[in-house]
Amino acid sequence: MLFLAIETSCDETAAAVFTEELAVLASVVASQTELHARFGGVVPEVAARAHLQMLLPVIDQALREAGVRLDQIGCVAVHNTPGLVGALLVGVSAAKMLAVVLGVPLIAVNHIESHIYACRLAAGKDIFPCVGLVVSGGPTHLFHCRTPLEFELLGATLDDAAGEAFDKVASILGLGFPGGPAVEREAATGNPAAFRFPRSFLHDDRLDFSFSGLKTAVLYTVCGQDRAGPIAPPAGPNRADLAASFQQAVVEVLVEKSRLALRRTGMKRLAVGGGVSANRALRAALERITAEEGAELFIPPLHLCTDNAAMAALAVEKWRRQQWATLDLDAHPSLAVG
């Protein structure tokens with residue numbers, strides 16, 4: 001049984017071919033980073049138009065790399081929520097068209113739940129039930145994942161997502177886009193204790209996050225509250241210290257909230273997905289706290305952390321339960337979990 005999956009939720013155009021045994025035969029990702037870099041962030045209309053141009057060539061490349069023909073595909077899967085609505089519509093429309101032409105089932109997949117399923121793909125074994133942390137430019141959420149398809153939301157960001165804060169701080173520091181890798185590179189030579197930035201809700205019992213105040217604290221440290229100073233600091237030890245101190249604040253909050261979620265649910269497995277999970281400081285800190293808690297840590301390799309279509313192999317779980325989507329399937333930009 002061969003599946004074709006499509007991902008267009010934000011600024012990566014992706015397609016993958018995999019089997020019902022979760023063997024990924026091909027995974028192709030076309031990044032739009034260069035298109036959005038001059039704007040300092042993702043522009044939704046630009047992203048949607050780029051998906052229109054790139055999606056069919058990406059699907060064709062995935063099929064060729066997998067060594068299969070289109071008429072051998074037995075099911076089409078697509079991320080239809082959450083994300084940028086215009087971008088999602090491109091993928092959803094293409095998936096519906098392919099399902100009709102091929103006469104095969106169509107399966108709708110939740111992009112956020114797929115990030116946790118990327119851990120299942122990488123582990124090569126069942127990881128459920130577990131606590132799931134999804135941390136990227138859109139979501140920063142903690143879940144109690146009872147099964148691959150049954151998620152209970154434990155906590156979420158009340159304002160900026162962690163990845164969004166990375167992008168904004170990278171802009172403040174003049175480091176460019178995308179902000180996550182740029183801040184991490186700058187922080188590598190900095191002192192994470194040089195500035196004591198706020199850690200919102202760090203000692204609260206709730207499992208929610210807030211990174212807006214942290215971003216603002218970096219801004220005020222750089223520019224002053226009246227913004228009279230320079231917009232971006234020059235390269236040097238001070239800028240590296242700012243990046244390292246900001247990164248440390250984000251990591252501490254994510255790690256301690258994950259620890260609290262493990263204790264509250266009684267789970268002994270932590271699965272972490274999303275673009276920010278590629279951050280080496282975060283990965284090291286999560287390894288430390290899961291060892292302290294006697295829990296297993298599941299984080300996918302870097303190519304499965306950022307947006308991709310292979311993680312839509314979650315569709316196999318729905319296929320086994322015959323949870324097909326109808327042809328009136330729509331794109332839903334807001335998060336809704338099972």
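Only heavy atoms go into these numbers, but all of them, side chains included; no hydrogens, no water, no symmetry mates. Treat the numbers as computed from the prediction; the structure is a model and nothing was measured.
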Nearest non-hydrogen partners of A99 and L106, listed with the distance: CB-CB, 3.9 Å

Heavy-atom side-chain proximity of P300 to C119 below 4.5 angstrom: yes

Heavy-atom donor-acceptor pair, T290 side chain to E287 backbone, under 3.5 Å: yes

Spacing of CD belonging to E150 relative to NE2 belonging to H144, to within rounding of 0.5 Å: 8.5 Å

Residue pair K268, E296: steps toward the salt bridge (Lys or Arg N to Asp or Glu O under 4.0 Å) verdict: CA-CA 6 Å; K268 289 299 181 180; E296 286 185 275; over 6 Å; no

Inter-residue atom distance L98.CG - I6.CD1, 0.5 Å rounding: 5.5 Å

Validation row: T216, K168 side chains within 4.5 angstrom (heavy atoms): no

Close side-chain approach of L270 and F298, heavy atoms under 4.5 Å: no

N/O donor-acceptor pair under 3.5 Å between E164 side chain and A161 backbone: yes

Shared hydrophobic cluster for L260 and L202 (ILVMFWY, side-chain gaps under 4.5 Å): yes

Ring center gap for F39 and F177 short of 6.0 angstrom: no

I127 side, atom CD1; C145 side, atom SG - distance, nearest 0.5 Å: 7.5 Å

Chi angles and distances behind the side-chain hydrogen bond (donor to acceptor under 3.5 Å, both in side chains) call for D11, H51: CA-CA 8 Å; D11 61 333; H51 288 311; over 6 Å; no

Taking every non-hydrogen atom, the tightest pair across A187 and Q247: CB-NE2, 3.7 Å

Min side-chain heavy-atom separation V250-F246 under 4.5 Å: yes

Pairs meeting criterion ring pair (Phe, Tyr, Trp, His ring centres under 6.0 Å) with involvement of residues 264-297, two or more places apart: none

ILVMFWY network linking V24 to V78, side-chain heavy atoms under 4.5 angstrom: no

Side chain S245, main chain N191, donor-acceptor under 3.5 Å: yes

Whether R199 side chain and V251 backbone form a donor-acceptor pair below 3.5 Å: no

Within one Ile-Leu-Val-Met-Phe-Trp-Tyr cluster: V131 and I289, side-chain cutoff 4.5 Å: yes

Worked check of side-chain contact (heavy atoms from CB on, under 4.5 Å) between L327 and V100: CA-CA 8 Å; L327 290 177; V100 169; 3.5 Å; yes

Any donor-acceptor N/O pair, R120 side chain to I116 backbone, under 3.5 Å: no

Co-membership, hydrophobic cluster, residues L52 and V85, 4.5 Å side-chain: no

Backbone of E293 reached by a side-chain donor or acceptor of R263 within 3.5 Å: no

Within 6.0 angstrom of R38 CZ, more than 12 heavy atoms from elsewhere: no

Step-by-step side-chain contact (heavy atoms from CB on, under 4.5 Å) determination, V68 to L4: CA-CA 10 Å; V68 303; L4 172 65; over 6 Å; no

D205, CG atom: more than 12 neighbouring heavy atoms under 6.0 Å: no

Which atom of A5 lies closest to which atom of F18, heavy atoms considered: CB-CE2, 3.5 Å

E7/S9 under side-chain hydrogen bond (donor to acceptor under 3.5 Å, both in side chains): CA gap, chis, key distance, verdict: CA-CA 6 Å; E7 151 62 18; S9 66; 2.7 Å; yes

Short side-chain to backbone donor-acceptor contact, K96 and L329, under 3.5 Å: yes

Crowding at CD, Q322 (>12 non-hydrogen neighbours, <6.0 Å): no

Residue pair D204, K257: steps toward the side-chain contact (heavy atoms from CB on, under 4.5 Å) verdict: CA-CA 9 Å; D204 286 13; K257 293 300 181 183; 4.2 Å; yes

Smallest separation among heavy atoms of L121 and A313, with atom names: CD2-CB, 4.0 Å

Over all atoms of both residues, closest heavy-atom pair of Q248 and P192: CB-CB, 3.8 Å

CD/E21: more than 12 non-hydrogen atoms of other groups inside 6.0 Å: yes

Candidate pair E12 and N308, rule side-chain hydrogen bond (donor to acceptor under 3.5 Å, both in side chains), full reasoning: CA-CA 7 Å; E12 272 89 22; N308 64 88; over 6 Å; no

Full working for side-chain contact (heavy atoms from CB on, under 4.5 Å) between L282 and V255: CA-CA 8 Å; L282 175 60; V255 165; 4.0 Å; yes

Nearest-0.5 Å distance, CG of residue L149 to CZ of residue R320: 10.5 Å

Smallest separation among heavy atoms of E184 and A281, with atom names: OE2-N, 4.4 Å

Partner of S210 by side-chain hydrogen bond (donor to acceptor under 3.5 Å, both in side chains), out of D160, D159, T157: D159

Whether over 12 other heavy atoms sit under 6.0 Å from R64 CZ: yes

Distance-only polar pair, side chains of D307 and H79, donor-acceptor under 3.5 Å: no

Cation-pi, F201 ring and R206 (6.0 angstrom, 45 degrees): yes

Check ion pair E45-R49 (N to O, under 4.0 angstrom): yes

Cluster link V28 to F3, ILVMFWY, side chain under 4.5 Å: no

Min side-chain heavy-atom separation L286-R283 under 4.5 Å: no

Expected output: side-chain S200 to main-chain L214 donor-acceptor under 3.5 Å: no

Side chains of F209 and L254 in contact at under 4.5 Å (non-hydrogen atoms): yes

Inter-residue atom distance W319.CH2 - I107.CD1, 0.5 Å rounding: 8.5 Å

Residue pair H36 / V46, side-chain heavy-atom distance below 4.5 Å: yes

Side chains of M311 and H111 in contact at under 4.5 Å (non-hydrogen atoms): yes

Aromatic plane relationship, Y117 with F128 - under 30° parallel, 30 to 60° tilted, over 60° perpendicular: parallel

Nearest-0.5 Å distance that lies between atom CG in L314 and atom OG in S114: 5.0 Å

Mutual orientation of the aromatic rings belonging to F197 and F195 [parallel < 30°, tilted 30-60°, perpendicular > 60°]: parallel

Donor-acceptor under 3.5 Å (S136 side chain, G274 main chain): no

Any donor-acceptor N/O pair, K318 side chain to A108 backbone, under 3.5 Å: yes

